[in-house]
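Structure first, commentary second.
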Amino acid sequence: MRLLKTGAFVRAAQSARIAVSRAPVRAALAQSRWSSSQTAAAAAAETQHPFPDQSVEISREVDPTKTAPESKDQQEQERFEKKSKELNHGKRLVHENLSGVNILGKPYTFDNTTNVSDSILRLVGRNLYSTPDHPIAITRALVESCFPKPTYNHFTVADPVVTTHENFDVLGFPKDHPGRSRTDTYYINSTHLLRTHTSAHQHAAFQSLVNDEATGFTICADVYRRDSIDKSHFPVFHQMEGARVWDLPVSADSRYEAQLRRKEIIAKDVDEVPQTRIVVEDQATKFLKGSNPTQLEHDAEEVRLVVAHLKRSLEYLVDGVFEASRQMIPASQKEKMGPLQARWIEAYFPFTSPSFELEVLWNGEWLELLGCGVVQQPILNNAGLRNSIGWAWGIGIERIAMLLFGIPDIRLLWSEDKRFLQQFKQGTVTRFEPFSKYPPCYKDIAFWINSSPAAASPIGAESSSGVAAAAGGDATKASPTETQPAAFHENDIMEVVRDVAGSLVEDVQLVDEFVHPRTGRKSLCYRINYRSLERTLTNEEVNDLHNQVAAKMKSLFDIELR
Ligand code: DAH
């Protein structure tokens, strides 16, 4: 499971798959967070569009519909595509030997890697980050306002389908990185998935900087992770990515000269980032080989300057965001609270080195806020920025939005209830007023597991039988979308519950687990907490939902209900 407690919000261990830390696994920023007060200038500066065409398409080397481009299947494939394009978003199509789905107007065929479910596809395209009065959009604007134009371009990317290349390969994820696992990631097919982080667009965004006036960017988008169900985790959430680069000045006589000049420029830029009132402890000042190294091709002094700029820029962001939330606190109480405390710690990400995380002391607990670091040089080189050096960061929006607006349950952010939506106004941070708390209704589901679940393996990893391994060992089975019973993985029950009951479930918890002393069989019991945010659920309704969950579990997985 994924919850390592370190703050008012739990760290998601699942995020460790993206942000695997070196020493003790420092789970990453899954649903990282921030806040904002939107300025008119920031709103005007926002660019509501994907990257320029060339950039967006750059890593789309594979046609989404052709998972196995066998020429004999081509006609069938073309007919499938034609039919699928006529469908609305989220509609599935079974045509001749192919089955698939239309996602935002594009057809995709399924294969035995597919594990995306209808309940997830229904959430694609809500674009909360561009719904002006929504807390997610207000938070995004606050973050963007800390990284102003013309230095930074502000991007959003509406289509969440990316290639495995964009999400993992181009960022240097090893083939066996757990982040690639089908138990954690929603695959459309073996080449396409729902992005698990905004870093999937880094490559395209860096490309957009070539010959551009801007030297940095932010990206905001919805991201998708198979995950457990509780008040601070939802399978779709929002992230922002930021980056900044410095090119070598062209006018210099030699590369050495150019680098000297560039160092002066970065040093000046560091001084220009406004100082904050935050009290910062820096536990990551040494970039040591083995733990958090400088990259071989980088000049140590220059890295120090880039890191100084990165840290200052993010402290400025934290200050802006948390000040926005502290504005609601009465002055007398604020005085007692003293200045905001933050700390830098070492981290590990495949796409940066050295890498860091920033934590903030909030309500007496250290809250992990963001990950960042010096961009791996091959990423810049591949994007046409061979002569540049730069930094990048990534944060989750929900955590900050929930904190800023006092939103107690992440599901509220997806609510279409006017009592929620009408409380917020573009450009302002206000406290959420709970409209009601409806009663919960617990139901347990207990079952024997027939085949023992193996550790989740990434899809790139081959099992000894030559079949790509997934939860339970056989990638062709471990999906709720398929008909063969599959070995059970914890994220599977979350998926089934979500499919049946959607946001009528507040959380799902493992309450009992034991191994039969004689047979060695394992029994699990999960407690499902049914509760609507909008009304009281009837007993019959909950019973019906629960029966559906049980039936689906029984038909999909190799389990025996108790
Ligand atoms: N993509 C990371 C995640 O989802 C967050 C992140 C960390 C982004 C470090 C970055 C970075 O750009 O430099 O956990």
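Scope of the values below: all heavy atoms of this structure, side chains included, with no hydrogens, waters or symmetry mates. Values in this document were obtained by computation on a predicted structure and should not be read as measured data. Remember, it's 1-based here, ligands and their atoms both numbered in the order they're listed. Residue indices begin at 1 and follow the sequence shown.
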Contact between ligand 1 and Arg195 is defined here as a heavy atom of the residue under 4.0 Å from a ligand atom; is it met?
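No; Arg195 lies far enough from ligand 1 that no heavy-atom distance drops under 4.0 Å.
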Less than 4.5 Å apart, side chain to side chain, heavy atoms only: is that true for Ile278 and Gln341?
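Sidechains of Gln341 and Ile278: no contact.
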Of all the atoms in ligand 1, which lie at a distance below 4.0 Å from a heavy atom belonging to [X]?
{"X": "Gly371", "value": "7 (C), 9 (C), 11 (C)"}
{"X": "Gln202", "value": "12 (O)"}
{"X": "Cys372", "value": "9 (C), 11 (C), 13 (O)"}
{"X": "Gln239", "value": "3 (C), 4 (O)"}

Take a 6.0 Å sphere around CD of Glu213 and say whether it holds more than 12 heavy atoms from other residues, nucleotides or ligands.
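Open: at most 12 neighbouring heavy atoms sit under 6.0 Å from CD of Glu213.
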Ligand 1 versus Trp391, non-hydrogen atoms closer than 4.0 Å: side chain, backbone, both, neither?
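Answer for Trp391: neither.
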Is the cationic atom of Arg304 (NZ for Lys, CZ for Arg) positioned less than 6.0 Å from the six-membered ring centroid of Phe287 and within 45 degrees of its normal?
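Flagged: Arg304 positioned over aromatic ring of Phe287.
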Classify the ring geometry between Phe424 and Phe432 as parallel (under 30°), tilted (30 to 60°) or perpendicular (over 60°).
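Answer is parallel, since the angle falls under 30°.
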Below 30° counts as parallel, above 60° as perpendicular, anything between as tilted: where do the rings of Phe168 and Phe173 land?
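Correct class here is perpendicular.
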Counting both backbone and side chain atoms, is some N or O of [X] under 3.5 Å from an N or O of ligand 1?
{"X": "Thr352", "answer": "no"}
{"X": "Ala392", "answer": "yes"}
{"X": "Ser199", "answer": "yes"}

Steps toward side chain to side chain donor-acceptor pair (under 3.5 Å) verdict (Asp222, Tyr224):
CA-CA 7 Å; Asp222 39 328; Tyr224 298 74; 2.6 Å; yes
Identify the heavy atoms of His238 and Ile136 that sit nearest to each other, and give their distance.
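The pair with the smallest heavy-atom distance is CG-CG2, 3.8 Å.
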